[in-house]
Colleague: 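Below: one structure in structure tokens.
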Amino acid sequence: MAKYIVHADPDLREIIPGFLKNRGEELPALAALLAAGDLDGLRKAGHKLAGSGGGYGFDRLSELGKALEAAAGAKDAPGAASLLAALKEYLENIEIVYE
Amino acid sequence: MKKKVLIIDDAEEMLVLMRRILELKGLEVHCARDGKTGARLAGELLPDLITLDFNMPDQNGVETYSLLRSCPATAVIPVIFISGVMTGLIKRMVVDNPRIGFLRKPVRREEFEKCVGAMLSLPRLEPPPQPPPRKKSGYEEYE
């Protein structure tokens with residue numbers, strides 16, 4: 001059962017599935033950045049996520065992106081790892097209601 | 001005739017989102033993924049409005065804006081800067097020039113539409129006329 005119900009703009013119905021699919025497909029690349037210690041790469045990825053998520057109606061994605069940007073910017077690898085886990089859990093448990 | 005908007009942003013998901021919102025408003029939308037391409041397209045298309053991402057690799061929003069300003073035909077096009085933070089530089093630009101707008105990321109549909117509508121309602125300015133070609137001096141006629 002989905003844990004996160006997101007009420008989204010019906011006019012964005014055509015583009016939201018692609019947006020979420022791409023975010024899900026980015027997860028292995030983000031994990032690889034963390035494994036390689038590329039915190040600057042993670043900071044940039046967090047910045048991008050922070051900038052786009054809320055526009056599509058996913059404020060939680062913007063919050064996670066902002067937190068990832070801050071953790072990676074502070075060279076906090078464990079913090080970034082925990083945020084990536086939260087991001088994965090969120091993306092896997094979203095239910096969208098278009099209204 | 002549809003009004004034209006050029007979106008300059010390196011993030012694919014932002015291009016897709018803004019294109020969708022603007023097309024729903026009946027606007028003709030063109031996109032560029034970097035500042036150089038954006039400035040070139042602006043010169044070719046002469047859009048009614050440009051939205052410009054502030055934080056882009058290679059050439060950022062301010063550098064791209066300077067490039068637009070350096071060409072008389074694109075210098076008169078209104079620009080909306082889009083950024084995660086309102087820097088002092090953007091603040092000064094927005095205060096000093098009513099043809100520059102600012103939106104903070106994440107861009108919300110309602111405020112995006114409102115800002116775009118306001119900028120598109122500004123009178124379209126024509127670029128200043130080019131100076132006439134220099135007349136040949138009497139001596140040049142004999143060269």
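Note that these values count all heavy atoms, side chains included, but never hydrogens, waters or copies made by symmetry. In the text below, chain A, chain B and the rest are named by the order of the sequence lines, each starting its count at 1. These numbers come from a predicted model, not from an experiment.
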Colleague: Does the side chain of B:Leu49 reach to within under 4.5 Å of the side chain of B:Ile80, using non-hydrogen atoms?
Modeller: yes
Colleague: Could you tell me which portion of B:Leu24 (side chain, backbone, both or neither) has an atom closer than 4.5 angstrom to a non-hydrogen atom of chain A?
Modeller: side chain
Colleague: Please indicate whether B:Glu110 has more than 12 foreign heavy atoms, meaning atoms of other residues, nucleotides or ligands, lying under 6.0 Å from its CD.
Modeller: no
Colleague: For the pair A:Phe58 and A:Phe19, name the ring-plane relationship: parallel under 30°, tilted 30 to 60°, perpendicular over 60°.
Modeller: parallel
Colleague: Between A:Ser62 and chain B, with a heavy-atom cut-off of 4.5 Å, which part of the residue counts as in contact: side chain, backbone, both or neither?
Modeller: side chain
Colleague: Using heavy-atom distances under 4.5 Å, tell me whether B:Asp53 contacts chain A through its side chain, its backbone, both, or neither.
Modeller: neither
Colleague: Tell me which of these, A:Ile15, A:Asp9, A:Asp11, has more heavy-atom pairs under 4.5 Å with chain B than the rest.
Modeller: A:Asp11
Colleague: Are the ring centres of B:Phe102 and B:Phe54 closer than 6.0 Å?
Modeller: no
Colleague: Sort B:Val16 into side chain, backbone, both or neither according to what part of it lies under 4.5 angstrom from a heavy atom of chain A.
Modeller: both
Colleague: Less than 4.5 Å apart, any side-chain heavy atom of B:Leu67 and any of B:Gln59?
Modeller: yes
Colleague: What's the separation between atom SG in B:Cys115 and atom CZ in B:Arg108, rounded to the nearest 0.5 Å?
Modeller: 15.5 Å
Colleague: What's the separation between atom CD in A:Glu92 and atom CG in A:Leu27, rounded to the nearest 0.5 Å?
Modeller: 7.5 Å
Colleague: Could you tell me if the side chain of B:Glu23 sits less than 4.5 Å from the side chain of B:Glu28, heavy atoms only?
Modeller: no
Colleague: When only heavy atoms count and the cut-off is under 4.5 Å, which of residues 3-15 of chain B reach chain A?
Modeller: B:Asp10, B:Ala11, B:Glu13, B:Met14
